[in-house]
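Each remark here refers to the structure printed beneath this line.
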Amino acid sequence: MPQQAYNRLGSIGSGGAGAAVANGGGGTQSPPVSPRRSPRMHRRGAKDGGGFSGRRLPAGAPRTLAQKLAWMFLSLLLRRQAIFLFAPLIYVSGMLLYMGTVSLDSVPAIISRPAPGSVYRSPQLYERLHADMDADNTSDGLSSVWKHASKNGGWKPCINTNTSGLPESSGYIFVEANGGLNQQRTSICNAVAVAGYLNATLIIPNFHYHSVWRDPSKFKDIYDEDYFITTLQNDVRVVDKVPEYIMERFGHNMSNVYNFKIKAWSSIRYYRDVVRPKLTEEKLIRISPFANRLSFDAPPSVQRLRCLANFEALRFSNPIESFAEKLVSRMKERSMNNGGKYIAVHLRFEEDMVAFSCCIFDGGEEERRDMITARERGWRGKFTKPGRVIRPGFIRVNGKCPLTPLEVGLMLRGMGFSNNTLIYLASGKIYSAEKTMRPLFEMFPLLQTKETLVETEELAPFKNFSSRMAAIDYTVCLHSEVFVTTQGGNFPHFLIGHRRYLYGGHSKTIKPDKRKLAQLFANPNVGWKSLKQQLLGMRSHTDGKGIEIRRPNDSIYSFPTPDCMCQANKTEVNRS
């Protein structure tokens, strides 16, 4: 029987399988025809009756004209693989069509939310928590503060003085102390150290008149000049003026004297290698300005002279000392219910401080105009240089904004100080005081200032002298049970170290974490209990850091241990 030819197309029709069996007696069915393109579309077309919408059409139902055109268009794109070319064009055309039919005024704006803590919201927090705060008088901070004793015991002052006499002087040094009260204090102490190191005679420093502080006071108006000279007599020669025979060489004109322009934080070696030869040659030199012109990284002999000058030789003049002691006595009398203990707060919210910080508070347009005027008056052109960008929110988040009176009150109440705590406020003229001080008086009605503790005529001799007023504040703060610093600067810089020197190495100072405060006071969900818990933790952390040892390049005026103090045993600390 002749062999049947192999059929590549296979059977067509409903009887194809049976025919194959009949013809071939169980032969294999032929493979299907190779697909042309996109079998998916063929299968979908077969399943959907050739439509593109996925809706099954009845058998034999005619396609509409729109369906035919759409199918032809899609088939063309798929066949030519041009979908990737036309899809972006279709999208752009659709967006242009949409934008043409929608008004730009109705497009929703993108809302930029400020970073947490970048906006001053403390007034809203006070308004919300005021009632809960007044209802809570469960603790008294003055009875529980500083309860964490140092494990290593305390410290005691120990500054050795020279007993071997002084060699012949190598010449005279005249310095001009610039800045406010405590920046001038830096100049004095550094000048003593340099003069002693160079074996020179120090002229009583001249105070440079500053355009911001505007105080014409001389050295003897602020400090006890005779006591200063006597205390240093075995270590550094100090005189009140240059001898006549020396001034004759320069025509009795200090401007003819060679003036050193020394870089900030210069090493003591610079004075030895550069300044000393000129001093030996000229016998009189001038250094102006002279504030932070000596590095804190200095040998022990230089550090000892700094300690001696700052903690022992510098004593305020008799008028300032007597008046300040009167204020301290009155503060203790008014706080007898707390064992004569009181809090001293250094509030830096004067107009110049607010302006310099570039922070924004809640004064609106009036505040903005005031600050622009104050910046131009005090620092002409400094804040308007081309390219300078001021970012108040960034400044606040980084804890650089001065605390407002309201924020000081919130912080202290949260730290456990009740509303019957006596507070001494050390400050200059508070910006917009009538408005900004009201919340602080509400939280602490016993708050006192220089003006409330004495009569107007008692304060009159000091009233128009900013350095003398600052010296009074310094003394009252020095003898407080708690000192609170709200902004950096030379005032707390010196005061913290002086308190360590007097109180066994412990500064007894609250120095808040202002980055944390910025976020805490801007939190709209924080409750009084949570706020108080976090602030009590901040106070405890401050107490734990009360005794700190000076590290390299730290200020010896803030950290007198171990350069100016020796470690004492517990018996000596308790006796003190």
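Side-chain atoms are counted along with the backbone in the values below, which use heavy atoms only and exclude waters and symmetry mates. The model shown is predicted, which means the values in this text are computed figures rather than measured ones. Count residues from 1 along the sequence.
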Residue pairs fulfilling ring pair (Phe, Tyr, Trp, His ring centres under 6.0 Å) with at least one residue in residues 262-295, sequence neighbours excluded: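 Qualifying pairs: W265-F296.
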What residue pairs, at least two apart or across chains, pass ring pair (Phe, Tyr, Trp, His ring centres under 6.0 Å) with a residue in residues 316-341?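 Every pair satisfying ring pair (Phe, Tyr, Trp, His ring centres under 6.0 Å) with a residue in residues 316-341: Y223-F316, F316-Y474, F323-F462.
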When rounded to the nearest 0.5 angstrom, what distance separates CG in L412 from CD1 in I423?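 So the CG of L412 and the CD1 of I423 are separated by 5.0 Å.
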Measure the CG-OG distance between N553 and S295 for me, rounded to the nearest 0.5 Å.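 The CG atom of N553 sits 5.5 Å away from the OG atom of S295.
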Can you run down the disulfide bond (SG atoms under 2.5 Å apart) pairs that involve residues 438-513, sequence neighbours left out, and say none if there aren't any?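 As it turns out, there is no disulfide bond (SG atoms under 2.5 Å apart) pair with a partner in residues 438-513 once direct neighbours are skipped.
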Residue pairs, two or more places apart or on separate chains, that pass disulfide bond (SG atoms under 2.5 Å apart) and touch residues 213-279: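 Residue pairs with at least one partner in residues 213-279: there are none.
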Of all residues at least two apart in sequence or in a different chain, which pass the disulfide bond (SG atoms under 2.5 Å apart) check with [X]?
X    : result
C307 : C564
C358 : none
C401 : C359

Residues [X] and [Y] bridged, charged N to O under 4.0 Å:
X    : Y    : result
K435 : D362 : yes
R500 : E548 : yes
E351 : R377 : yes
R368 : E366 : no

Do R499's NZ or CZ and the ring of Y503 fall within the cation-pi criteria of under 6.0 Å and 45°?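 Judged by the rule, R499 and Y503 form no cation-pi pair.
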Relative to Y342, does K332 satisfy both conditions: NZ or CZ under 6.0 angstrom from the six-membered ring centre, and within 45 degrees of the ring's axis?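 Relative to the ring axis of Y342, which defines the angle, K332 lies outside at least one limit.
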In terms of the angle between their ring planes, are F491 and F483 parallel, tilted or perpendicular, with boundaries placed at 30° and 60°?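 Judged by the thresholds at 30° and 60°, the geometry between F491 and F483 is tilted.
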Side chain to side chain donor-acceptor pair (under 3.5 Å) with R304: which of D235, N162, T161?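 In the set D235, N162, T161, the residue that makes a side chain to side chain donor-acceptor pair (under 3.5 Å) with R304 is D235.
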Donor + acceptor pair across side chains of S267, R272 (<3.5 Å):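 Their side chains do not contain a donor-acceptor pair, so the 3.5 Å distance test is not met.
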Going by distance alone, is a donor N or O of one side chain under 3.5 Å from an acceptor N or O of the other, for E407 and S122?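 Looking only at side-chain atoms, S122 and E407 do form a donor-acceptor pair, the distance falling under 3.5 Å.
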Do you know which of T485, T509, L478 makes side chain to side chain contact (heavy atoms under 4.5 Å, CB included) with L495?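 Of T485, T509, L478, side chain to side chain contact (heavy atoms under 4.5 Å, CB included) with L495 is met by L478 alone.
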Are the ring centres of Y258 and F260 closer than 6.0 Å?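 Y258 vs F260: aromatic centres under 6.0 Å.
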Please name all residues satisfying salt bridge (Lys or Arg N to Asp or Glu O under 4.0 Å) with [X], sequence neighbours left out, ordered by chain then number.
X    : answer
E225 : none
D563 : R550
R334 : none

Determine whether V397 and R515 make a side-chain contact, defined as any pair of heavy atoms from C-beta on separated by less than 4.5 Å.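 They are not in contact (no side-chain heavy atoms under 4.5 Å apart), so the answer is no.
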Taking side chain as C-beta onward, heavy atoms only, is M371 less than 4.5 Å from Y431?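 A side-chain contact under 4.5 Å exists here.
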Output yes when a side-chain donor or acceptor of R293 lies under 3.5 Å from a complementary backbone atom of I262, and no otherwise.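 Checked: pair present.
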What side-chain hydrogen bond (donor to acceptor under 3.5 Å, both in side chains) pairs are there with at least one residue in residues 454-465, not counting sequence neighbours?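 Sorted result for residues 454-465: K326-E458, E451-K463.
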Check side-chain hydrogen bond (donor to acceptor under 3.5 Å, both in side chains) between N310 and all other residues, then give those that pass, not counting sequence neighbours.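 Counting only residues at least two positions away or on another chain, N310 forms a side-chain hydrogen bond (donor to acceptor under 3.5 Å, both in side chains) with R185.
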